[in-house]
Each structure stands twice: as structure tokens, then as C-alpha cells.
Amino acid sequence: MKIAQVYINQLNIHLDRLFDYLVPKHLESQVIPGSRVVVPFGFGNKSIDALVWDLKSPPSDSSKLKSILGVVEHFPVLDHQQLKTCRFLQQVHHSLFMDVANAFYPGPIQIRKHKDSNGVLRYYVGQKDRESWLWKISQRNPNQTLEQLLSTVRSNATVQREILTLLWESPIEEAVLTARFRGVKKTLESLRSAGFLEKHRMKSMELEDPGPLEVQGAPRLTEAQQQILEDFEKGFQQTHLIHGVTGSGKTEVYLHMMEAALKKDKTCLYLVPEISLTPQTIHRVKARFGQEIAVIHSRISDGERLEQYKKIATKEIRIIVGARSAILSPFQDLGLIVIDEEHENTYKSSNRPRFDTVSLAQEIARLHGAKVVLGSATPSIGTYYLAKNGQYGFHRLPDRMNGQDMPASLVVDMRVELQSGNRSFLSRTLYASMREALKRKEQIILFLNKRGYFSYVFCRDCGYVVKCKQCDVTMTYHGEDNRLECHYCKATAPVQHQCPACGSRKMKYSGTGTERMQNMLQKYFPHATVLRMDTDSMKKKDAIADAVEDFTLGKADILLGTQMVTKGFDFENVTLVGVLLADLTLNFPDYRSSERTFQLITQVAGRAGRGNKKGNVVIQTYEPDHYAITHAQQHDYEGFYEKEVAYRKMNRYPPFSTLMYIGFSGNDEKEVAKECSEYHRLLSAEVTKTDPSLVFEAYPPSKSNIVRVNNKYRYYILIKTEHVDAFQEAIHHVQRSKETKQFKSTIFVDVNPNFIF
DNA sequence: AGCACGCCGACT
DNA sequence: GTCGGCGTGCTC
């Protein structure tokens with residue numbers, strides 16, 4: 001008899017290991033690695049679903065083992081590569097095996113259970129597509145008023161009346177209604193059968209229909225592009241970096257590489273940092289290949305996701321475009337993974353399952369014998385380091401496609417501005433350049449990395465600063481809803497005219513965000529139209545796509561925004577880019593703040609001069625001599641890299657070490673602090689078994705920079721090490737130990753985290 | 001996680 | 001004398 005080693009589908013660290021079960025004779029042909037089975041588990045032998053990892057021959061004594069009860073479906077849901085991927089993330093990012101496994105298949109394929117007519121528990125794979133529904137008032141009597149409608153409903157049916165009143169305003173999604181009223185489904189259905197309401201199937205979050213597709217042939221490549229394709233073909237490395245300045249035609253190279261892979265009957269994955277910011281790219285891929293492609297991101301409906309999943313699994317679709325979650329697709333014969341804008345931090349998943357897309361893509365490519373292509377104008381330091389050292393194939397595109405030079409950049413020292421009496425946010429240089437550009441009917445992009453109107457409120461008498469009730473964070477004033485908002489927990493508070501500490505009425509609002517800047521710009525340039533682009537103004541569905549279209553059509557002269565405006569947009573008429581305050585990212589307490597600043601400035605500068613007119617960039621800062629700023633001004637990636645890599649080497653930061661962050665959070669600060677220290681002690685003891693000197697690489701427990709968020713207190717342990725394996729093993733062990741099981745704090749491990757605080 | 005077992009306190 | 005609190009330990 002065979003033994004199956006399975007993972008139990010119960011997301012708990014203490015069950016994140018293999019369990020052995022006997023395979024009954026009649027199931028032998030169906031129980032294979034990747035199959036989902038139902039097994040008895042625990043004292044009560046409760047049935048639970050599990051995933052088969054492997055089969056083995058029984059040891060001499062198998063009397064203790066229980067038997068598999070049945071299979072969920074008679075084919076494996078995960079193939080060999082996918083199983084390996086689960087194991088990889090389990091080891092490298094401390095994910096739960098089943099967390100990754102569950103992320104591989106769409107919601108509708110997740111296992112459900114129900115009792116059949118005999119009261120027997122049955123497992124099945126729910127095929128029902130969790131569609132969203134839109135509810136609206138029935139159009140039976142078009143001339144009816146709300147009052148007339150309500151008069152036909154019982155006066156004590158308060159919920160029904162409230163719903164009708166709400167829907168009278170506008171149709172509402174079912175999910176929104178159920179979130180608001182408990183058990184509203186029955187009410188809605190009865191209102192529907194009474195003829196008051198109707199519901200419509202809604203396709204959630206679909207990208208705009210690009211209109212009829214005209215398949216475009218491949219344009220002629222430049223010599224430099226052609227050369228890259230040849231080198232790539234010949235290159236022995238698995239991973240390749242294309243370092244190409246903004247507007248150098250990297251996309252065209254990717255498309256050619258994909259074409260070559262498709263010709264070999266392989267599948268391609270094209271990853272972008274954020275789907276909603278890259279409609280232009282998706283349209284280009286579609287237009288080029290003229291065949292069905294899958295577009296995957298975390299906001300597509302379950303139904304759509306299931307459909308794409310099936311088509312990818314059967315190789316009906318061979319081109320997949322998507323955000324990072326697309327890396328967990330059921331690839332068949334994968335030949336190429338393209339990761340565009342490789343440096344973007346959206347590629348790091350800091351939710352479960354945690355992973356970083358680049359290293360995961362490399363692992364998946366290795367399993368499939370595929371290649372990985374990373375592209376960026378501002379590669380991350382780690383990537384560039386490996387490329388320079390020959391571990392990656394290294395290709396460059398130093399020139400812009402349109403033959404234009406890189407835009408001319410000017411750094412403005414805001415201290416000098418201040419000394420000469422200009423206290424506004426626009427330096428005289430930037431103001432003059434803007435006037436010039438507007439006069440020539442050219443467009444402008446302004447980047448300010450701070451949203452809201454005023455960024456904080458304080459009392460001029462006692463110095464009290466208004467903070468969020470549940471976080472140690474100052475609150476930002478938002479003019480549009482005339483409220484204070486916490487940017488950490490989204491809580492809001494009314495505007496305060498009186499100091500809660502001393503009663504003084506001298507409350508001062510200070511610090512400029514995008515909202516206020518928009519107002520000021522409108523005053524300085526009354527004839528110009530300012531379009532604001534930040535998470536506040538772009539909340540509505542399709543808002544970004546609409547804004548991009550409006551700006552392309554010239555409906556606005558100035559595009560003002562946060563990080564969003566630095567992403568790969570391509571507006572031909574933009575000739576001036578202004579960075580309003582480069583210091584905001586520069587002073588961020590993180591070892592990568594220089595890297596981020598350089599990337600942001602270079603990327604946003606790259607939006608200028610993409611058409612046939614030359615671009616100009618003005619960078620405002622209080623630290624004009626900082627190397628991130630001076631090298632960004634000169635478009636000198638290499639120079640910046642040299643300085644940055646020296647700094648990293650000296651301080652043993654990545655890529656010369658690996659950082660591991662172990663976070664603790666809980667309601668009682670003392671307890672969190674105590675458990676964090678205890679964990680540190682356990683970890684030190686564990687890692688000492690390998691090498692006592694390693695103890696010093698785990699920094700002692702610290703308070704987070706912002707200790708309290710959402711009323712939870714946060715502490716952390718940071719590990720900076722060259723001995724990754726020793727720490728991975730030690731953490732793995734401590735995480736599963738008896739001692740930490742008693743902990744009340746939530747613990748999470750984040751390897752190479754995006755932010756440290 | 002989810003469940004059984006076990007060892008204490010406060011009830012009929 | 002018993003019911004039930006939750007701390008402790010285990011799940012093939």
C-alpha cells in the first residue's frame with residue numbers, strides 16, 4: 001500500500017508541514033502529487049481537504065496511519081512546477097504552503113462543502129461564478145415619484161423604505177448593500193418579486209474596451225534593438241536586464257522576444273507594475289498579436305478569472321499580461337517572463353502570500369526552462385549589481401527613439417529662494433518656465449509626493465498637534481470633504497477650531513499637499529486648467545484611464561500629482577516637468593531613500609520631451625548637492641549607481657546582505673514588547689547552534705517608528721545577514737515552536753521588505 | 001486553527 | 001457533588 005504525504009488545508013503555521021495517510025486501493029490511480037483529497041484529521045477525525053505533495057512507500061510500521069477518504073476531483077489541480085513553487089515560497093518567504101497553493105487557483109475552484117440529503121458531508125469544487133449584481137428601481141412606472149413609490153410600501157417596513165430611497169438616487173451594487181444592511185438579500189429578493197426592483201448582472205472592474213483592434217505589424221527595429229535581440233538569443237544567462245533610458249523603445253524589444261517565444265510554441269508572461277496605469281501597454285500587446293490574451297490583476301471578477309485560468313491551463317491562451325498576481329498562473333510550456341519597470345516596489349507582495357516577483361519569476365523560469373527579462377530606465381541597485389557582475393545578461397538602450405536628447409534639467413536651491421523672500425512653493429525659475437510652456441500651448445507635469453490640503457494642524461499657543469485617535473500619526477486636512485484624515489488607518493475627524501489641549505482658538509493649518517497646490521496653481525495661472533492625479537481624486541472606477549485620455553486630448557494644461565504621475569505615461573505634448581519638493585522622498589527613513597529619489601526624479605523627468613519638442617525639467621530641493629539629485633539632473637545612472645553601491649557595501653546593505661524583518665503587533669504594548677524580546681532570545685539561541693557569531697546580526701527588538709496604528713502596537717526584529725540559510729532555518733524553527741504558539745501578538749516575517757519602520 | 005483533556009473555582 | 005472556566009498539547 002502507498003502512503004500519501006499531504007498538506008492540510010488549514011492555514012496555520014503549526015500545520016504547515018506534511019502528514020502521512022494511507023492510500024486506499026481503489027483511489028490509487030487518482031491520488032497523485034497535486035491532487036486534492038479529503039482526509040480525517042485530529043481527535044474527532046473531522047473531514048478536511050488536503051493537497052497531496054508526494055507519494056512514498058510505507059515504513060515497516062504504518063499501523064498508526066489513517067486513510068484518505070476520497071478525492072475532490074480526479075485530476076491534480078497543481079502540477080509539478082506549481083508544487084515546487086509553493087515549497088519555494090514556504091522556505092524563502094515563510095509563506096504557508098497552502099496559502100500559496102490556494103493563490104494558484106481562482107476563488108470558484110476553491111473547495112466548498114455541504115451536507116447532502118443523507119446528512120453526509122460532501123466536498124465539491126464550486127463552479128458557481130460569484131457574479132456581482134447591480135440593483136436598481138424597476139422601470140415599470142417611469143413617471144412615478146419617490147413619494148408615490150413609498151406610499152405603496154408598508155409604513156413600518158423601514159429597511160425596505162430605506163433601500164428604495166437609496167436606490168432611487170442611483171443603482172447600487174449588491175455587495176455595497178449587504179455590507180450596509182444585515183441580511184438584506186431576502187429583502188432585495190422580495191422587493192424584486194413584488195416588482196419594485198430589478199437586478200442586473202455586472203461585470204466588475206473591466207478594462208476599457210479599446211475598440212476594434214487593428215493588428216499592427218512589427219515596426220523596423222533600430223540597430224541597438226536588433227543587437228539586443230541577437231545577444232539575448234545567444235546569451236547563456238537565464239535572466240537578462242535591459243537598461244534603457246525613458247522612451248528608448250524597450251517595449252518593442254519585449255514584443256519581439258515574445259514573438260520569438262510564441263514561434264517556438266511557448267507561453268509568455270508580461271508583467272507590469274500596475275494594470276490601471278498601463279492601459280497603453282496592454283493595448284499595444286493586444287494590437288500586436290491580434291489573438292486572445294489574458295489580462296490578470298487582483299480586481300477582475302471571479303468569473304472572468306476562472307475563464308482565463310482555464311484557458312491558460314489548457315494553453316488556449318499563450319500570452320498573459322498582468323500585475324504581480326499573474327505570476328501565480330497555471331503556465332504551460334512557459335518560455336519567457338518579461339518584467340517591465342523592474343524597480344517598482346509594487347512587485348513585492350507584502351500581503352499573504354508574501355513574495356517578490358523578480359526572484360519568484362526566476363524560480364518559476366528555472367522550473368520551466370524559461371528566460372526572464374527585466375527592463376527599466378532606473379534598475380534597482382540589486383539588479384544592476386548582478387548585471388554588471390555578469391550574472392545577468394546585460395543590454396543597454398542609451399538613446400531615445402525620437403532622436404531627442406534627454407530633457408535639460410535644472411536644480412533649484414529652495415534655500416536661496418527663501419532667502420530672497422520667495423516663500424511660495426514655486427521657485428521663480430519654475431514659475432517662469434511654466435509661463436513659457438503655457439504660452440507655447442505645451443503641457444506640464446508637476447510632481448508633489450504628498451496628498452491632502454494641509455498636511456498637519458497644530459496649536460500656536462501650546463504646540464499641540466492633532467493626531468489620529470487610534471494611531472500615532474498626525475492628521476491631514478482634506479479640503480474636498482472638509483475633514484481631517486489619518487493616512488494610516490483612513491479614520492476621519494471633524495475640523496478643529498479650538499485646541500483640545502489648551503482651549504486656544506489659534507489653530508494653524510500647515511504643510512502643502514496636492515489639493516492645496518492645485519488651488520495655488522489655479523491662482524497663479526488663472527487661464528490654465530489643472531488636472532490633479534492622486535489616490536483621492538482617482539478613486540472612481542476608470543478615473544485614471546479618463547484622466548490619461550483627457551490629458552492626451554489636451555483638455556488640461558497642467559497635470560499635478562503624487563507618485564502616480566511618474567509612471568510610464570507617454571504624452572507627446574509635455575515639455576516641462578517640475579519636481580516640487582524632491583526632499584520628501586529623500587528624507588524618508590529607509591536605506592533605499594536615495595535610490596527611490598533618483599528613480600522618481602528620473603522617471604518623472606522621462607515624461608518630458610517624448611514628442612518632437614525638447615523637454616525641460618526643474619527640480620526644487622533644499623539639498624541640491626545630494627548625489628541622488630545631482631546625478632538625476634545629469635541623467636547619470638552609472639554615476640549614481642557607483643556612489644550608491646559604495647554606500648551599500650560600506651554599510652552591508654543589500655545586495656551585500658539580506659534583510660529580514662520580523663514584525664509583532666498586538667493590543668497590549670507591554671505584551672508585544674515582551675514577546676518580541678522573547679522571540680529574539682529564542683532566535684538567538686537557535687541560530688547559535690549554527691554559529692554563535694551570527695547572534696549579532698539580529699538587531700535587538702525595537703519599537704516601530706510609528707508604534708501605534710489602528711490601536712495595535714508594533715515592534716520588530718531586524719536581521720541583516722550574509723548567512724541567509726542559517727537564519728531562514730532558525731526562523732522556520734522558532735515560528736513553529738511551542739513557545740511562540742502561546743504568543744498573543746501577530747507575528748509576520750518579511751524577507752527584503754519594502755519598508756522598514 | 002480546532003478540539004480534547006485536565007485541573008481549579010462557584011454553583012444547584 | 002457537578003458544571004464550566006480556559007491553559008496546554010496534539011493533529012499522520
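These numbers come from the heavy atoms of this one structure, side chains and all, not from hydrogens, waters or symmetry mates. Throughout, a chain's letter reflects where its sequence line sits, starting with A, and its residues are numbered from 1.
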**Study point:** Exercise: identify the closest heavy-atom pair between A/C468 and A/M475
**Key:** N-CG, 3.5 Å
Point to revise | Segment of DNA chain B, first to last nucleotide, that comes within the 4.0 Å heavy-atom reach of chain A | key: B/dA1 to B/dA4
**Study point:** For A/E307, all residues meeting salt bridge (charged side-chain N to carboxylate O under 4.0 Å, His left out), sequence neighbours excluded
**Key:** none
Practice item. Name all residues meeting the salt bridge (charged side-chain N to carboxylate O under 4.0 Å, His left out) criterion together with A/E189; count only those two or more places apart in sequence or in a different chain, and write none if there are none. Key: A/R192, A/K199
Point to revise | Non-neighbouring partners of A/D16 that pass side chain to side chain donor-acceptor pair (under 3.5 Å), sequence neighbours left out | key: A/Q90, A/R736
Which donor-acceptor pairs under 3.5 Å do side chains of residues 74-83 of chain A form with protein atoms, sequence neighbours excluded?
{"residue": "A/D79", "atom": "OD1", "partner": "A/Q81", "partner atom": "N", "Å": "3.2"}
{"residue": "A/D79", "atom": "OD1", "partner": "A/Q82", "partner atom": "N", "Å": "2.9"}
{"residue": "A/Q82", "atom": "OE1", "partner": "A/D79", "partner atom": "N", "Å": "3.0"}

**Study point:** Side-chain (A/K720) to main-chain (A/Y699) donor-acceptor, under 3.5 angstrom
**Key:** no
Revision key, fill the gap. Per-nucleotide protein contact along nucleotides 7-12 of chain C, 5' to 3', at a 4.0 Å heavy-atom cut-off (B base, S sugar-phosphate only, - neither), is --BBBB
Review point. Does A/F664 have its ring centroid less than 6.0 Å away from the ring centroid of A/F743?
Key: no
